[in-house]
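Got a structure for you, questions after.
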Amino acid sequence: MYTPVDPKQNFPKLEEEVLAFWEANDTFKRSIAIREGSDEYVFYDGPPFATGLPHFGHFVPGTIKDIIPRYQTMRGKKVERRFGWDCHGLPVEYEMEKELGISGKREIESFGIAKFNESCRSIVLRYVKEWRKIVTRMGRWVDFDNDYKTMDPDYMESIWWVVKQLWEKGLLYEGFYILPYCPRCSTVLSNHELNLGGYQDVHDPAITVKFRLLDEPDTYILAWTTTPWTLPSNLALALGPEIVYVKVKDGPENYILAKDRLSAYYKSEKEYQILWEKKGKELVGIQYEPLFPYFAHLKDKKAFRTLMGDFVSTEDGTGIVHIAPGFGEDDYRILQGTGVPVICPIDEECKFTEEVKDYKGSFVKDADKAIIKRLKEERKVVKHEQYLHAYPHCWRCKSPLIYRAISSWFVNISKIKDRMIATNQEIYWMPEHIKDGRFGKWLEGAREWAISRNRYWGNPIPIWKCDTCGDLECIGSREELKSRSGVYPKDLHKHFVDDITWKCFCGGTKRRIPEVLDCWFESGAMPYAQNHYPFENKEHFEKHFPADFICESLDQTRGWFYTLHVLATALFDKPAFLHNITSGLVLASDGKKMSKSARNYTDPVDVINTYGAEALRLFLMRSAVVRAEEIRYNDEGVKETLKTVIIPLWNAYSFYVTYANIDQIFPTSGPEEPSNPLDQWILSELERLIDEVTREMDRYDLMRAIEPLVDFIDLLNNWYIRRSRRRFWRSENDYDKRQAYETLYWVLLTFSKVAAPILPFITEAIYRNLRSPEMPESVHLTDYPVAQLEKRNLALEQKMKFVRRAVTMGRALRSMHGIKVRQPLKALHLVTKDPEERRILREMEDIIREELNVKEVVFRENEEDLVEYKAKPNYRVLGKALGKDMRRAAEKIEALTFKEIQSLLEGSTLVIDIGRDLEITKDSIEVRRIEKENLKVLNEGSLTVALDPELTEDLKAEGIVRDIVRAVQTLRKDMDLEVTDRIELFLHTQDPDVQDAVEEFQEYLMNETLAVSVRWNKKGTLRTAPCGDSTCAIGLVKAS
RNA sequence: GGGCCUGUAGCUCAGUUGGUUAGAGCACUUCUCUGAUAAGGAAGGGGUCACUAGUUCGACUCUAGUCAGGCCCA
């Protein structure tokens, strides 16, 4: 006996029950344990920050990360799944600053780095419990007990090892990075912070200054700047290679500037005389006199020359850009490799240093005035104006930011770029375009990776520098640190290791450089660090690298996917992962980003409690969001998924259990040799389903793997069960009935396995009820079904499709005639010229007859009196061969007469004139059949269907009784009778036709409604039912 | 400004080497079926396949450009 099924199942409740079962039986751990010794399928989980709660954006990759491992497990692989946490980084520091009410570098330092870091440590895992709860509630199986954290000392030590590997391979170097910097907070701002603060319009001085050419003392290059304070640091001038420049004579002096900019400096053409015109690229390497004396000695290092820069434009200024490499990204890059050094003569608070001695100690922006005054006195300024522009400000203190060179550590990407591009070719990407598109293009254009951060809560870069000779040493482990310093730190955070020093061979002291690592570096090193490689688990690591599969959303192409790839390529010359699914963004239903403040989406917990996690999962997985496209989330979609997929599946299952319990038939396998075509057909469809789902899952195409499941549920419900329904409760043929049960049992059991990775809850519930005791206790512990293609009957699948088409047309005809299906009709005429089609239809005659409620199906061959023919060329066949003649052939073919088409259909060949003779046959054309007017027939393709609408007295009477049956059944249901309950039936009507009809079909009526008696009386629960053209009062009493 | 993705019915989206009636679901109207169903079925309305140009006998599909949206980068 099966546990009875509630047809009004509450799915969130069902899910809770399944979760409780998994929990109680440790099903997840067992699913891994039972595969011990099998091939492993390696999965890496990308670590989220736990500073916020999971939301819809996490559910998409989260669900994919559940489905694929479940699937691989059922395919026989051992799939370990460890959750991980990203613990370091700015988000945590901000959170802490907010909480402590402090802000910025100086305040953190006066608060105390040790105290600050320990506070960060204490809040990082604040939401871990909630994460675990929600992730688990979503049905995801992942190991939280054995999770990795990037702040664990072991994890951090492996990172040191990774850094040391890069160091030894010569892939680490110290350089400069031009970054926005807040002079008041004395701190670098990240990109994110830059966006926080925003741009504000400010007035700045804009001056145009004269640079005197070395070889032509009367000629000056004009350059324009809004940061006069950077002029003392000028080391070059940049021109645009394609920009046209002119040398103009203006009084005793000559000036060089962009031709397009002349009008900004002269009101009239009479004020100057053009001496020559040249493109920028002809003006490379011109030497000029330094504006200020401070760095004049750099002339020996090729400073003070003109260069080409593609960033130069003629929108502002003179079309010539003053270059100070310490104060601008473009400036810095253009001088890289030229030998000109980077100078940045300002201190932590952006005050000039000793190097610019005249302005030493004054804040750079405050020095603008003095600098302009001096240049004016030296007659080096041609124009001085005010300039209004958008300028970035600090989000903390609102001060205008200064772009300046910051000493940073870099991974030398250009050295390994070619290998990164090569190893990317070994990765399978879903969707495919990411490989050579977004990710591939990003690799090609990859820039040097700055891995140092001037922060506190992070993994300290394990490099020690001598304060005397500058010698550098990279430390790769705690042991190594101990061997140098004698100290074995129990923790590797900044406040534990910064005080560790030792004596350099030169007599100086080795001290750690102050920076910590970019937290992306830490997550990218996760394959090694999660296992404390190479200090432990060497063998384990070697078997678990690279990963078979990872999945995250699109933004990670530049994030985790990238850093994993860089480090794996740098360390092992391999990709870090072999298959990747990239998911898209989840937007709110208004097409905008989901935002808490805009309240434009429902709390996920409410969605789960209303419709269930399964409906939510399925809704997401059926959409293109699993192919990196964005999705608009709305509750309606989840609701619809529940209504159209999950509930119908449940109903099929509930139907089976209800009747199997009544009949006490409990199969343990499918039918040996099914004889009913419906059984053969659905079993064939089942093999097809397994085949298709397996194929698409193996291609990592979830959307395409899910569609066959949805289609199958529809076929099962709306054809197999619908057409087999009576077989389950009609007792005449026990053999056929047994086979029906066996078939439906097998289909449901197998389906639960096929769909288990995708619908883990409902399939578990179905499987657990249907399984026999020797089967594993959970569907997730079973082996995935393997398609047995030899069991497929392709011809039968085709036939059934054809039959369903005939039925569809029959139904349409009924509504054309205005005759409802309950009214039996004499005959349906099926007309086709194709003898094979006629044979198929004849085989399935019973199904058609029952479905359309007709007494007879008549097969005919002659369609000519029902339809007209019209010919269209078969472009696919003729097009390639005919080319330009196609148009003329099309005209001729469309003009073919009825007779000509008919003879083609009968197999003859016809010659048409298209300027030459062209032989055409049946295959060269497509015949359209058009129903003749005034005839109630329908045609589709080769099949034409007509209905005999004549109603005899007998048919009418049967129709009346079926109306009564229908009304009784509805009433039974409304009275909540069991399907097996017997009734006493009472009828009352004045209409003699109804009375006669009931008399004639009384046995049928009693059989159908399980009535033990029919009496003419008014009694019991009453209802008036329309039947035929009149009505009948119906009364019911449950029989004792 | 650059790279990638997207643009098809009121809404959400399919559309597999280019082939002539562009599909589905939801929603809407009318009718209908049901002894599992919260369902199912039939008919109907609703489309310049973002736009422009090109390649081709033929373009939703290929190419180029434009416009709009998104993500990432600058």
Side-chain angles (χ1 to χ4, degrees), chain A residues 5 7-9 191 310-311 313 329-330 431 433-434 436-442 444-445 447 553-559 562 582 584-585 587 589 591-593 619 622-624 627-634 636-637 639-644 646-659 703-704 707 710 714 717-719 721-722 725-726 728-729 807-816 818-822 851 853 872-880 882-890 926 928 938 965-966 968-970 972-973 977-981 1008-1010:
Chain A
V5 173
K8 303 255 181 281
Q9 180 64 50
N191 243 325
D310 48 17
F311 54 86
S313 82
E329 174 75 26
D330 289 332
H433 62 74
I434 304 278
D436 294 315
R438 205 180 171 96
F439 195 69
K441 287 271 158 40
W442 174 250
E444 283 165 26
R447 304 191 19 200
S553 57
L554 193 60
D555 45 343
Q556 298 299 330
T557 39
R558 267 81 159 163
Y562 179 67
T582 305
L585 220 74
L587 302 176
S589 56
K592 296 193 179 118
K593 271 192 180 175
F619 166 70
R622 273 176 89 186
S623 77
R627 294 211 292 233
E629 284 174 39
E630 60 199 34
I631 182 182
R632 287 190 184 194
Y633 170 83
N634 62 347
E636 279 305 307
K639 188 177 170 189
E640 195 198 316
T641 305
L642 178 69
K643 271 170 56 179
T644 58
I646 293 176
I647 289 174
L649 172 61
W650 189 257
N651 288 329
Y653 159 66
S654 136
F655 172 86
Y656 169 78
V657 168
T658 306
Y659 286 96
M703 213 172 138
R704 284 218 166 81
E707 242 14 71
V710 175
D714 185 64
N717 272 296
N718 295 323
W719 196 248
I721 294 183
R722 176 186 170 84
R725 189 159 31 194
R726 295 178 76 87
F728 289 88
W729 47 274
V807 166
T808 296
M809 289 162 70
R811 283 197 280 245
L813 270 177
R814 270 190 172 269
S815 67
M816 273 169 65
I819 304 174
K820 56 192 179 184
V821 181
R822 225 179 296 139
E851 180 67 22
N853 195 16
K872 279 234 160 192
N874 186 334
Y875 284 96
R876 220 183 260 273
V877 170
L878 295 178
K880 277 223 170 88
L882 292 187
K884 291 199 186 211
D885 293 333
M886 189 65 230
R887 187 169 288 167
R888 189 186 291 215
E926 277 171 32
R928 302 263 158 82
L938 275 181
V965 169
R966 156 85 179 123
V968 173
Q969 307 294 28
T970 308
R972 286 182 60 117
K973 206 198 278 181
L977 295 188
E978 295 293 323
V979 290
T980 48
D981 286 339
E1008 289 294 304
T1009 60
L1010 298 186

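Quick note on labels: first sequence line is chain A, next is B, and so on, each numbered from 1.
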>> Counting the atoms with a prime plus P, OP1 and OP2 as sugar-phosphate, which does A:E640 contact under 4.0 Å by heavy atoms, base, sugar-phosphate, or nothing?
In response: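 Sugar-phosphate: the residue A:E640, judged by heavy atoms under 4.0 Å, touches backbone atoms but no base.
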>> Both atom distances under 3.5 Å, Watson-Crick or G-U wobble: I'd like the secondary structure of RNA chain B as a dot-bracket string, with | for pairs made across strands.
In response: (((((((..((((.....[...)))).(((((.......))))).....(((((..]....)))))))))))).
> A:I647 has an atom CD1; how far is it from atom C1' of B:rA39, in whole Å?
Replying inline: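 In whole Å, B:rA39 C1' lies 9 Å from A:I647 CD1.
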> What about A:R888: does its side chain form a donor-acceptor pair under 3.5 Å with the base of B:rC57?
Replying inline: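 When only heavy-atom distances are counted, A:R888 does not reach the base of B:rC57 through any donor-acceptor pair under 3.5 Å.
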>> Can you confirm whether or not the ring centre of A:F439 sits under 6.0 Å from the ring centre of A:W442?
In response: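 No: the rings miss the under 6.0 Å criterion.
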> If only atom types and distance count, is the side chain of A:R632 paired as donor or acceptor with the main-chain N or O of A:L587 below 3.5 Å?
Replying inline: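 Judged by distance alone, no pair lies under 3.5 Å.
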> Which value, in whole Å, describes the distance between the C1' atoms of nucleotides B:rA9 and B:rC60?
Replying inline: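 That atom pair is separated by 14 Å.
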> Quick one: which of B:rC33, B:rA36, B:rA39 gets closest to the side chain of A:P648?
Replying inline: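 Nearest nucleotide to the side chain: B:rA39.
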> Rounded to the Å, how far apart are A:E636 CD and B:rA38 P?
Replying inline: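 About 18 Å, once rounded to whole Å.
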> Taking only side-chain nitrogens and oxygens of A:Y656, does any of them come within less than 4.0 Å of OP1 or OP2 of B:rA36?
Replying inline: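 No, A:Y656 has no side-chain N/O under 4.0 Å of OP1/OP2 on B:rA36.
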>> From the set B:rC4, B:rG40, B:rC73, return the single nucleotide nearest to any side-chain atom of A:N718.
In response: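 Of the options given, the side chain of A:N718 lies nearest B:rG40.
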> To the side chain of A:N651, which of B:rA36, B:rC73, B:rA38 is closest?
Replying inline: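 Out of B:rA36, B:rC73, B:rA38, the nucleotide with an atom closest to A:N651's side chain is B:rA36.
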>> Looking at A:R822, I'd like to know whether one of its side-chain N or O atoms comes within less than 4.0 Å of OP1 or OP2 on B:rC33.
In response: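 Yes, because at least one side-chain N or O of A:R822 sits under 4.0 Å from OP1 or OP2 of B:rC33.
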> Do A:L813 and A:I819 have side-chain heavy atoms sitting under 4.5 Å apart?
Replying inline: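 A:L813 does not reach A:I819 side chain to side chain.
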> Which of these nucleotides, B:rG2, B:rC33, B:rA74, is closest to any side-chain atom of A:R447?
Replying inline: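 Within the option list, the nearest is B:rA74.
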So which protein N/O to nucleotides 42-44 of chain B N/O distances come out below 3.5 Å?
{"from": "B:rA42", "atom 1": "O2'", "to": "A:S815", "atom 2": "OG", "distance (Å)": "3.0"}

> Can you tell if the side chain of A:F619 reaches within under 4.5 Å of the side chain of A:I631, non-hydrogen atoms only?
Replying inline: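 Yes, their side chains come closer than 4.5 Å.
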>> What contact category does A:R966 fall into here, base, sugar-phosphate, or nothing, at under 4.0 angstrom with non-hydrogen atoms?
In response: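 Base contact - A:R966 has a heavy atom under 4.0 Å of at least one base atom.
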>> Output one letter per nucleotide in nucleotides 11-21 of chain B: B when a protein non-hydrogen atom lies under 4.0 Å from the base, S when only the sugar-phosphate is that close, - when neither is.
In response: -S-SS---BBB
>> Suppose you measure atom C1' in B:rU52 against the same atom in B:rA59; what distance do you get, rounded to whole Å?
In response: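 The answer is 14 Å between these two C1' atoms.
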> Closest heavy-atom contact between A:R814 and A:K820?
Replying inline: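 Where A:R814 meets A:K820 most closely, the heavy atoms are NH1-O, 2.5 Å.
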> Just wondering, do A:I721 and A:F728 contact through their side chains at under 4.5 Å, heavy atoms?
Replying inline: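 A side-chain contact is absent here, since even the closest heavy-atom pair is not under 4.5 Å.
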>> Just checking A:R888: does its CZ atom have more than 12 heavy atoms from other residues, nucleotides or ligands closer to it than 6.0 angstrom?
In response: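 Atom CZ in A:R888 is not packed in, count stays at 12 or less.
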> Is it true that a side-chain atom of A:R972 and a backbone atom of A:D981 form a donor plus acceptor pair closer than 3.5 Å?
Replying inline: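 Such a contact is found between A:R972 side chain and A:D981 backbone.
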> A:L554 and A:T582: which non-hydrogen atoms are nearest, and at how many Å?
Replying inline: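 Residues A:L554 and A:T582, closest heavy atoms: CA-CG2, 3.5 Å.
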>> In this structure, how many angstroms lie between the P atom of B:rA36 and the CD atom of A:Q9, rounded?
In response: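 Roughly 19 Å, once rounded to whole Å.
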> Which atom pair, heavy atoms only, marks the closest approach of A:T557 to A:Y562?
Replying inline: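 Taking every non-hydrogen atom into account, O-CB, 3.4 Å.
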>> For a quick test of reading the model: is some side-chain N or O of A:K643 closer than 4.0 Å to OP1 or OP2 of B:rA38?
In response: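 No.
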> What is the distance from atom CZ of A:R622 to atom CD of A:E640, rounded to the nearest 0.5 Å?
Replying inline: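 So the gap between those two atoms works out to 7.5 Å.
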> Are A:W719 and A:E851 close enough that some pair of their side-chain heavy atoms sits under 4.5 Å apart?
Replying inline: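 Yes - at least one pair of side-chain heavy atoms lies under 4.5 Å apart.
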> Nearest-Å distance, CE (A:M809) to C1' (B:rU32)?
Replying inline: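 Spelled out: CE on A:M809 to C1' on B:rU32 is 19 Å.
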>> Please give the distance between the P atoms of B:rA27 and B:rU6 as a whole number of Å.
In response: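 B:rA27 and B:rU6 have their P atoms separated by 29 Å.
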